[in-house]
Amino acid sequence: MRCWWLAVAAMFCSLISFAQQPDSTYRFTRQDSLRGGQRSERTGYDVTFYDLNLNVNPATRTIDGSNTIRYRVKEPFRRMQIDLFGNMQIAAIMQNGQKLPFKRDGNAVFVDMKDAQPVGQLREVKVTYSGSPQVAKNPPWDGGFVWRQDPNGKPWVTVTCQSTGASLWWPCKDHPSDEPDSMRITCRVPNGLTCVSNGTLQTRRPARTAGQTEFIWTVRYPINTYNVTLNIANYAYFKDEYRSLDRQALPLNYYVLPHNLEKAKSHFEQVKAMLDCYEKYFGKFPFWRDGYKLVETPYWGMEHQTAIAYGNNYRNTPFGFDFIIIHESGHEYFGNSLSAGDSGEMWIHEAFATYAEALYMECTHSIPKAIEYLNVQRKLIKNQYPMLGPLGVNYQHKDTDIYYKGSWMLHTLRHAVDNDNVWFKALKALATEKKLSIVTTDEVIDFLELKTQVDLQSIADQYLKYTGIPVLEYKVLAKSDKQWEVRHRWVADTEGFNLPVKVRFGFGEWQTIYPKTEWSATNVKFSSGWINFNTDYGLFNIRQVRLE
């Protein structure tokens, strides 16, 4: 059983490894800088609303339509950057009834404004476009459209774009630092198909063009551009309801292929227990008015906001839960609600969502079972690249350490705090007080330090900024027949690394020692037998040093 789960996790690692290459050989291109950087063409405006309006034609694998970008002027500018991949054709960019001139630089579009852009005022531009969007070769890790057919030969169309960028299929300000306050997605598809997008379905009606059905979805919260999605198929629909601790009702909406309907009704029951656990640890579901959705897809999964892509074939791990449901739903709290402002800080999304899996095990089973689960994650840590990537260059992480090492970093910080009541209050405060906001790495660590009143910076820096795992070196000296002296120090990259460690002799009581980066000593009570350091509570290695 354990081997099966490790095989699945290993497959996950191998699928992501397509992006791996040594840091020393990686070179950022101009396009990386245009996508990931902040210049006056971007910082001059703040997006408040997107109105995305599309026709999707599965027969020709094309899309066409428009996106209206409403924005507030932050500082004077005369040129605006909008992002749209070069293979997509722009028919016109309009403002106040006038066509605006524009030039392309690869996937970046620079628009020259004709009118003044007064600071504080709301303005709109409308981009009309069409084309055959990039096809995903290996979804969800490779961005693009997925044009498939269901078992009955009917179109099954989806899209993924987390690393590649939302601008592969719709024009937007494709940078994680700017999310619209709300959004509308209008999608027209051939009759007989359903288009499922983010938020709440407002309208389903015959389109003006014969043979099409129009779906209008509204998103009433901020949303990452990469979380915007379309799922088009002959879906069967069923609904359920979750009751929060205060008895409020959250709609649960499920869209699956018809032959999986009965299977899904049973399998998706675990969503309610998961939401119970996440409410306990992270507070209420952050997108309450938009509801919760799972949508069946032909690829493994993705955390599309309130429309989570599900493609795990209704399988549980040997630990008794569906990995995709639990992980991707964890992103609703960390990644979708609380979001990183730069692609180099994606550990904020993935570490917390992966840690949420272990917390789910603790919530539904026990701490020992959660430790067992964490130790499966531990086997997948690579220690080849820092979790914190370079900023401002659309960085794509090269391995899965932002998942598994990130999860273990948070688990380690919990035990550095050494008070579960304090730790879980801090974690819940982070998710609730920072919900629907964009944060940086420093803000996350500073917030946890403030709430726990524990120095966590040097510990977090070791795991985020360096590849090496800290090593606890120790020597043991007998002082009497009942006492021993343990000499210890941390070998780490960060100055002042100060992780406390639990230690005991034999089966005696656990005692806490406080190693520093210089040699120090702790007297411990003697029981009998061997010295044992509790590595279940922290990500570090042990090395015994011979006595001089």
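Please read all numbers here as calculations on a predicted model, not as lab measurements. Just the heavy atoms: all of them, side chains too, but no hydrogens, waters or symmetry mates, feed the values below. Position 1 is the first residue of the sequence; numbering continues from there.
- We find that D420 and K425 are not joined by a salt bridge, their nearest charged nitrogen and carboxylate oxygen being 4.0 Å or further apart.
- Of the N and O atoms on the side chains of N312 and W300, at least one donor lies less than 3.5 Å from an acceptor on the other residue.
- You'll find the ring centres of F321 and Y373 inside the 6.0 Å limit.
- Two residues are said to be in side-chain contact when any heavy atoms from C-beta on lie closer than 4.5 Å; L250 and Y292 meet this criterion.
- Between Y299 and H304, the ring planes are perpendicular. Angles over 60° get that label, and only those under 30° would be called parallel.
- A cation-pi arrangement is found for K173 relative to Y45, the charged atom lying closer than 6.0 Å to the ring centre and inside a 45° cone about the ring normal.
- Remark: K475 qualifies as a cation-pi partner of W519 under the 6.0 Å distance and 45° angle criteria applied to the six-membered ring.
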Can you list the steps and then say if V501 with W510 is a side-chain contact (heavy atoms from CB on, under 4.5 Å)?
CA-CA 10 Å; V501 175; W510 287 105; over 6 Å; no
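- K369 pairs by the salt bridge (charged side-chain N to carboxylate O under 4.0 Å, His left out) definition with E372, not counting sequence neighbours.
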Run the side-chain contact (heavy atoms from CB on, under 4.5 Å) test on T306 and N227 for me, step by step, so that the C-alpha distance in whole Å, both residues' side-chain angles and the decisive distance to 0.1 Å come before the verdict.
CA-CA 9 Å; T306 68; N227 269 320; over 6 Å; no
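- The side-chain heavy atoms of E179 and I223, taken from C-beta on, include no pair separated by under 4.5 Å.
- Between the side chains of Q384 and T467, no donor-acceptor pair is found at a separation under 3.5 Å.
- The closest side-chain donor-acceptor pair between H349 and S339, if any, does not fall under 3.5 angstrom.
- Residue pairs meeting the disulfide bond (SG atoms under 2.5 Å apart) criterion with at least one member in residues 355-454, sequence neighbours excluded: C277-C363.
- Between P515 and L499 there is no side-chain heavy-atom pair separated by less than 4.5 Å.
- A centroid separation of 6.0 Å or more is found between the aromatic rings of H331 and Y333.
- A heavy-atom distance below 4.5 Å is found between the side chains of N67 and I69.
- Using the six-membered ring where Trp is involved, F77 and Y71 have ring planes that are tilted, between 30° and 60° apart.
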Would you please test K465 and D493 for salt bridge (charged side-chain N to carboxylate O under 4.0 Å, His left out) and show each step?
CA-CA 9 Å; K465 298 179 180 180; D493 298 286; over 6 Å; no
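- Partners of H411 by ring-ring contact (aromatic ring centres under 6.0 Å, His included), not counting sequence neighbours, listed by chain and number: W408, H415.
- Salt bridge annotation for R220-D290: present, with a cationic side-chain nitrogen under 4.0 angstrom from a carboxylate oxygen.
- We find that E495 and K516 are not joined by a salt bridge, their nearest charged nitrogen and carboxylate oxygen being 4.0 Å or further apart.
- For the residue pair S197 and A307, the shortest heavy atom distance occurs at O-CB, 3.6 Å.
- In R30, the CZ atom is not crowded: 12 or fewer heavy atoms of neighbouring residues, nucleotides or ligands sit closer than 6.0 Å.
- Residues that satisfy the side-chain hydrogen bond (donor to acceptor under 3.5 Å, both in side chains) test with E473, not counting sequence neighbours, are R489, R543.
- Taking every heavy atom of both residues into account, L359 and F424 meet most closely at CD2-CE2, 3.8 Å.
- Checked by atom type and distance alone, the side chain of D401 pairs as donor or acceptor with a backbone atom of K382 at under 3.5 Å.
- Classification of D178 and K74 as a salt-bridged pair fails, no side-chain N sitting under 4.0 Å from a carboxylate O.
- Centroid-to-centroid, the aromatic rings of F282 and F334 come within less than 6.0 Å.
- For Y50 and W170, the distance between ring centers is under 6.0 angstrom.
- Within the 4.5 Å cutoff, the side chain of Y281 has heavy atoms near those of the E362 side chain.
- Looking only at atom types and distance, the side chain of E303 has a donor-acceptor partner in the side chain of Y226 under 3.5 Å away.
- Put simply, the side chain of V219 does not reach to within 4.5 Å of the side chain of F49, judged on heavy atoms.
- Judged by distance alone, with hydrogens and angles left aside, the side-chain atoms of N534 form a donor-acceptor pair with the main-chain N or O of D536 at under 3.5 Å.
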Pair D342, Y395 - check side-chain contact (heavy atoms from CB on, under 4.5 Å), show working.
CA-CA 9 Å; D342 192 283; Y395 180 71; 5.7 Å; no
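- At distances below 3.5 Å, at least one donor-acceptor pair connects side-chain atoms of H175 with backbone N or O atoms of S177.
- Taking every heavy atom of both residues into account, W288 and A249 meet most closely at NE1-O, 3.2 Å.
- Cation-pi geometry between K272 and Y242 is not met at under 6.0 angstrom from the ring centre and within 45 degrees of the axis.
- The main-chain N or O of A108 is never found under 3.5 Å from a side-chain atom of R35 such that the two would form a donor-acceptor pair.
- K435 places no side-chain N or O within donor-acceptor distance of the main-chain N or O of G283, the cut-off being under 3.5 Å.
- Considering only heavy atoms from C-beta on, N375 comes within 4.5 Å of R378 through its side chain.
- By the ring-ring contact (aromatic ring centres under 6.0 Å, His included) test, F447 pairs with no residue at all, sequence neighbours left out.
- Taking the charged nitrogens against the carboxylate oxygens, R243 and E241 do have a contact shorter than 4.0 Å, which makes a salt bridge.
- The main-chain N or O of Q121 is never found under 3.5 Å from a side-chain atom of R72 such that the two would form a donor-acceptor pair.
- Qualifying ring-ring contact (aromatic ring centres under 6.0 Å, His included) partners for W490, counting only residues two or more places apart in sequence or in other chains: F497, F540.
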Residue pair E485, R487: steps toward the salt bridge (charged side-chain N to carboxylate O under 4.0 Å, His left out) verdict
CA-CA 6 Å; E485 180 183 81; R487 296 180 183 175; 2.8 Å; yes
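- Here the side chains of R42 and D83 are in contact, with some heavy-atom distance below 4.5 Å.
- A side-chain donor from one of Q270 and N316 sits under 3.5 Å from a side-chain acceptor of the other.
- For the residue pair T160/W141, the side-chain donor-acceptor check at 3.5 Å is not satisfied.
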Would D418 and K502 count as a side-chain contact (heavy atoms from CB on, under 4.5 Å) here? Give the steps.
CA-CA 10 Å; D418 202 24; K502 301 287 186 182; 3.6 Å; yes
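- Between the side chains of D442 and T440, no donor N or O sits under 3.5 Å from an acceptor N or O.
- Shortest non-hydrogen contact noted between L456 and A416 is CD2-CB, 4.1 Å.
- For the pair T400 (side chain) and Y403 (backbone), a donor-acceptor distance under 3.5 Å is absent.
- With hydrogens and angles ignored, the 3.5 Å screen pairs no side-chain donor or acceptor of N541 with any backbone N or O of L472.
- Between S458 and G496 the shortest heavy-atom distance is OG-O, 3.2 Å.
- The main-chain N or O of P386 is never found under 3.5 Å from a side-chain atom of Y463 such that the two would form a donor-acceptor pair.
- Side chain of Q81 to backbone of L34: a donor-acceptor contact under 3.5 angstrom is found.
- Ion pairing of D51 with R184 is present here, as a side-chain N (NZ or NE/NH1/NH2) and a carboxylate O approach within less than 4.0 Å.
- Residues D174 and S167 approach most closely at OD2-OG, 2.7 Å, considering heavy atoms.
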